[in-house]
Amino acid sequence: MSDDADLLADLTPDQRAAVMHGEGPLLILAGAGSGKTRVITRRVAYLLRAGVRAHNILAITFTNKAAGEMKNRVEKLAPGNRVWVSTFHSLGARLLRQYAERLGFDRNFTIYDTDDRNKLVKDALEAAGIDNVKFTPERIAGAISKAKNQLVTPPQYERTATDFFQKTVAAVYPRYEKRLRSANAMDFDDLLYLPAMALKQNEELRAELDSRFRYIMIDEYQDTNSAQYQIVKQLSINNPNVCVVGDPDQSIYKWRGSDIKIILDFERDFPNARTITLAQNYRSTKSIIRAASVLIDHNKQRKKKDLVTDNPQGEPVNVITFDNGLDEAEGVVVRIKEAVKAGTFKYRDHAIFMRINALTRSLESAFVKHGVPFQIVKGLAFFERKENRDVLAYLRLLTNPHDGVSFLRVVNAPARGIGKVSLDKLQSFAASQEIGLLAAAGQIAKITEIKGKAATGLRDFHRLMTDLRSKMDQPPHELVRLVLDKSGYEAMLRDSTDEEDADRLANVSELVTAAKQFWDEDNSRTITDFLEQITLASDTDGWDEQADHVSVMTLHASKGLEFPAVYILAVEQGLLPHERSLANDEEIEEERRLCFVGMTRAMKELYLCHARMREFRGQLNYCIVSQFIQELPRDVRFIDPSMARNVARTAADEWRVKSSAAAKDWADTGLRPLIPPASRKPNPGLKPTIPDAPDTGLAVGVLVQHEEFGIGNVAEVSGFGALRKVRVRFAAHGVKLFVGDKIKLKVIVRKKAEE
DNA sequence: TAACGACGGGTTTTT
DNA sequence: CCCGTCGTTA
C-alpha cells in the first residue's frame with residue numbers, strides 16, 4: 001500500500017474512501033469544487049496499480065477535452081496504461097464501428113449533425129407529402145430526437161401518439177429512420193440509441209462487453225439521459241462495478257433529455273450501492289460559496305445539501321448595474337484590464353459567462369477596442385462555416401458514397417450547371433433503383449430526362465469522386481488538399497472578386513492545417529476519424545487554457561471549469577432565467593442551477609452584471625434585474641458605476657412605474673431608492689422613448705387560436721412585455737399559461753367594443 | 001439554370 | 001438585425 005502514498009496522501013478521508021472503494025456500485029455526490037475530477041483520476045490509477053487491466057476500465061466524461069485530460073493524468077499516475085476514456089457519444093460511435101458487421105451496419109457511416117438531421121427530416125417530410133403542415137422540420141426533428149433518447153421506437157411512438165403534432169411525428173419518424181439507414185448515416189442520438197438497443201436485444205454482445213468493461217466510471221452523472229443510462233445499466237449486470245460521480249445541483253441539460261432522476265435513483269437501481277458525499281469545497285472563497293448556496297436553496301425540488309469551505313472569506317460577491325449592454329461589455333473589459341495592470345490577476349485568470357451566445361458580440365468589440373486578448377469558446381464555429389462545411393461534405397461523401405445530404409451539398413459547389421430540376425429527377429431515379437445519389441450520377445446515361453449541361457455536370461462530378469476515391473489511402477491533410485484542388489473549389493474562391501471569398505480561401509487552407517495537425521498527433525488516424533472528431537467536438541474542446549487571454553463562454557460551456565475571477569453578464573429577467581423557462585417552475589429551477597454552476601466556477605472574485613437597457617434584435621429594450629439577484633444574501637456588494645449620469649436609470653425607472661403591476665414589483669429591487677416620478681425633471685435629451693404597452697387585443701374573455709392547442713378562451717391576463725402572463729383555457733388541452741411577449745396566440749374573436 | 005431582390009421569420013442552452 | 005428561403009426575371 002505504501003507505493004500508493006502519492007495517490008492518497010493529499011486526500012481527505014471521504015475522497016480516499018472513494019478512491020479505494022473496490023467492487024460494487026458507488027455513488028459519489030460531489031458538490032461543486034469538491035475535487036471530483038481528481039478523485040476519479042486517482043481511482044482509475046489506484047485500480048490499475050491494484051492489478052486491474054487497463055483494458056477492463058471504461059471512463060466516461062462529458063466532453064472530449066475532459067477525456068483527453070483524464071487520459072493524460074492517468075498516464076502520469078500509472079504510466080503505460082491505455083485506459084478507454086471518452087464521452088458517451090464517442091463510445092457509441094466506436095462500438096458501432098467496431099461491431100458494425102455483427103449489428104448489420106456499414107462501419108463507414110457518416111455522423112450527421114443537427115443541421116444535416118434537419119435537412120433529412122425536411123426531405124422525409126416532403127417525400128411523405130406532409131409538407132403542407134406548419135410544423136417546422138426542426139420541431140419534428142426535436143421530437144424524434146427526444147423519442148430516441150428515451151429509447152422509443154417508431155412503432156412505439158405511433159402507438160402512443162395522440163394529438164395532431166405527435167401523429168405527424170409518428171408518420172415522419174420511420175421514414176426519417178429509413179433515410180438515415182439508406183444514407184448509411186447516424187444522427188447524434190443514434191450513437192446512444194443503437195448501442196443501447198443492441199445491448200438490450202443481443203445478450204451475447206451485452207455479456208461480452210459487460211465483462212470487458214469490468215470497471216466503469218462516469219462523470220457528470222446528473223446529466224445522463226435514458227439511453228445513456230441503459231448503456232451503463234446493461235454493461236453493469238455481471239460486473240456491477242460502476243462508479244458514478246455527479247451533483248444534482250449542477251444538472252443543466254434537461255432540455256436535451258437528461259434526467260435528474262437517474263442520479264437520484266442510483267441507490268435503488270444498483271443494490272448494495274455505497275454512497276459517498278463530498279461536501280467540502282476547495283475552490284472558492286466563503287463569500288462565493290455562501291452566495292451560491294443561498295441561491296440554490298431557493299430550489300424546491302432539491303435535497304438539501306450544504307457546501308462548506310475552509311477557504312478565506314474573500315471579497316464580497318459583486319452585483320454591478322450598467323446603463324446598457326455596451327457599457328456592460330466595456331465596463332467588464334476595462335475592469336479586467338485594470339486588474340491585470342494592478343498585477344492582481346493575469347488575463348487568463350478571468351472568464352466571462354453568459355446565458356446566450358448572441359451576447360458575445362458587444363464584448364468582442366470592447367476587447368478589440370481595449371486591446372485585451374480574449375478567446376470566445378465556441379470551437380465549432382470554424383468548422384461550421386459554409387466553406388468548411390462544403391469541403392467536409394466532399395470528404396464525407398468520399399468516405400460514405402451513400403451520404404445523400406453531403407452529395408446535395410457539394411454536387412453543384414462549385415457550379416456545374418446542375419439545378420434543382422435535374423436533382424429532383426436524379427433523386428426519383430435513385431429512389432426507384434434503391435441506390436444512392438452518387439451511384440445514380442454514375443448511371444447518368446440511363447436517366448434520359450436529364451440532358452445537356454446538367455448531364456455533363458453530373459457525369460463530371462461522378463468521375464471526380466471516383467478519381468478522389470482512389471486516393472483514399474492518403475493521409476487526411478493530403479486528401480483535403482486533393483479535394484480542394486481537383487473539385488475546383490479552391491479555384492472558385494481564388495478567382496472570385498468577392499472580398500469575403502478571400503477569407504473563405506484562408507479558412508479552407510486552415511482546414512488543411514487542422515487535418516495535418518490531427519494526423520501529426522497520431523498518424524494511424526484516418527479521414528473518418530478526422531470527420532468524426534469534428535462532428536463530435538464540443539464547444540470547450542477548442543479552448544486553449546494555456547494562453548494568456550480572457551475566456552468567454554456560455555454558462556453551459558463553463559461546467560467543470562474554474563477561474564480566479566468570474567463575470568456573469570446579463571443577469572436579467574428574461575435572459576437568466578431565460579424567458580422561455582419563465583412559465584414553468586421546473587425550468588426556472590434549472591435556470592437557477594445554471595446560475596449556480598456559473599457562480600461556483602469562481603475561485604476568488606465573482607461579478608454578476610446586469611444592464612438597465614439592452615439592444616436586442618435591433619431594438620432597445622428595458623431590462624429588469626434577475627430574480628436570482630434578488631435571491632442572493634444581503635451582504636453582496638452593489639456597484640453602480642453610472643450613478644453620476646442617470647439618464648438610463650431615470651428612463652428605466654419611469655418605464656417600470658408606467659408599466660404594469662408585475663413590472664413594478666421588479667422595479668422595487670431594493671438596489672436603490674426609487675425616485676417618485678413627480679419629483680423628477682423631464683429629460684429632453686433622452687434617446688429611447690418610453691414604450692406604451694402594445695395593444696395585443698388579449699383580454700379576459702377573448703377567443704384565441706394557438707397553432708398547437710387550437711381554440712381557447714382567455715381566462716387571465718397580467719403583466720407587460722416579457723413579463724406578461726396569459727392564461728388560456730383550451731377546449732381540448734385544458735388551461736395553459738403563456739409568458740412573455742412572443743406568445744403565439746391569434747385573437748380570433750375580440751371582446752365586444754367597450755360600452 | 002443562375003442571379004437577384006423581396007419577403008418573412010426567428011435566435012437558449014449542445015453531443 | 002441577420003439569416004435563409006422563396007419567387008421573379010434574364
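These numbers were taken from a predicted model, which means no experiment stands behind them. The figures that follow rest on heavy atoms only: side chains count, while hydrogens, waters and symmetry mates do not.
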Problem - Six-ring centre of A/Phe518, A/Arg525 cation under 6.0 angstrom, axis tolerance 45° - result: yes
Handout entry: Side chain of A/Tyr253 (C-beta onward), nearest among B/dT14, B/dT1, B/dT12
Key = B/dT14
Problem - Residues that A/Thr554 engages under side-chain contact (heavy atoms from CB on, under 4.5 Å), provided they are two or more places apart - result: A/Asn357, A/His556, A/Ala557
Exercise for the section: Could you list the residues that satisfy side-chain contact (heavy atoms from CB on, under 4.5 Å) with A/His462, not counting sequence neighbours? Expected result: A/Leu438, A/Ala441, A/Thr466
Practice task
Round to a whole Å and report the spacing from CG of A/Leu423 to P of B/dA2.
Solution key: 10 Å
Practice task
Compare the ring of A/Trp255 with the six-membered ring in the base of B/dT13 and state whether they stack (centres under 5.5 Å, planes under 30°).
Solution key: yes
Handout entry: With A/Asp259 via side-chain contact (heavy atoms from CB on, under 4.5 Å) - residues at least two apart
Key = A/Lys261, A/Ile262
Handout entry: A/Thr87: partners by side-chain contact (heavy atoms from CB on, under 4.5 Å), with sequence neighbours left out
Key = A/Thr61, A/Asn64, A/His89, A/Ser90
Practice task
Would you please enumerate the stems DNA chain B participates in, each stem being three or more consecutive Watson-Crick or G-U wobble pairs with both distances under 3.5 Å?
Solution key: B:1-9 with C:2-10
Any N/O pairs under 3.5 Å between the protein and nucleotides 6-9 of chain C? List them or say none.
none

Practice task
For A/Asn357, report the nucleic acid contact type (base, sugar-phosphate, nothing); a contact means any heavy atom under 4.0 Å.
Solution key: sugar-phosphate
Practice task
Find the distance A/Glu587:CD to B/dT12:P and express it as a whole number of Å.
Solution key: 13 Å
Problem - A/Arg416: partners by salt bridge (charged side-chain N to carboxylate O under 4.0 Å, His left out), with sequence neighbours left out - result: none
Problem - Nearest-angstrom distance from the residue atom CD1 of A/Ile418 to P of B/dA2 - result: 8 Å
Practice task
Could you check whether A/Asp190 gets within reach of a base, just the sugar-phosphate, or nothing at all, counting any heavy atom under 4.0 Å?
Solution key: nothing
Problem - A/Glu572 (side chain) donor-acceptor with A/Ala611 (main chain) under 3.5 angstrom - result: yes
Exercise for the section: Name the closest nucleotide to the A/Arg256 side chain, picking from B/dT15, B/dT13, C/dC2. Expected result: B/dT15
Exercise for the section: Remember a base hit wins even if backbone is also touched, and classify A/Thr114 as base, sugar-phosphate or nothing at under 4.0 Å, heavy atoms. Expected result: base
Problem - Whole-Å gap separating C1' (B/dT15) and CZ (A/Phe383) - result: 16 Å
Handout entry: Qualifying residues under salt bridge (charged side-chain N to carboxylate O under 4.0 Å, His left out), relative to A/Glu590, sequence neighbours excluded
Key = A/Arg593
Fill in the blank from the handout: Picking from B/dT12, B/dT15, B/dT13, the nucleotide nearest the side-chain atoms of A/His556 would be B/dT13
Completion exercise
Among the nucleotides B/dT14, B/dT12, B/dA2, whichever has the atom closest to the side chain of A/Arg355 is B/dT12
Fill in the blank from the handout: Testing B/dT15, B/dT1, B/dA2 for proximity to the side chain of A/Phe188, the answer is B/dT15
Handout entry: First encountered from the 5' end of DNA chain B, between A/Ala358 and A/Lys453
Key = A/Lys453
Fill in the blank from the handout: In whole angstroms, the gap separating P of B/dT15 from NZ of A/Lys65 amounts to 13 Å
Problem - Nucleotide of B/dT1, B/dT12, B/dT15 approaching A/Ile356 most closely (side-chain heavy atoms) - result: B/dT12
Problem - Presence of donor-acceptor pair under 3.5 Å, side chain of A/Thr554 and base of B/dT12 - result: no
Handout entry: Residues in salt bridge (charged side-chain N to carboxylate O under 4.0 Å, His left out) contact with A/Glu387, at least two apart in sequence or another chain
Key = A/Arg385, A/Arg504
Practice task
Indicate whether A/His89 forms a stack on B/dT15; treat it as stacked only if centroid distance is below 5.5 angstrom and interplanar angle below 30 degrees.
Solution key: no
Practice task
Would you mind telling me which residue lines up with the more 5' stretch of DNA chain B, A/Val421 or A/Glu591, judged by nearest nucleotide?
Solution key: A/Val421
Practice task
Measure the distance from CG on A/Leu555 to P on B/dT12 and round it to the nearest whole Å.
Solution key: 15 Å
Exercise for the section: Find the distance A/Asn412:CG to B/dA3:C1' and express it as a whole number of Å. Expected result: 13 Å
Problem - Neighbour count >12 (heavy atoms, 6.0 Å) for atom CZ, A/Arg361 - result: no
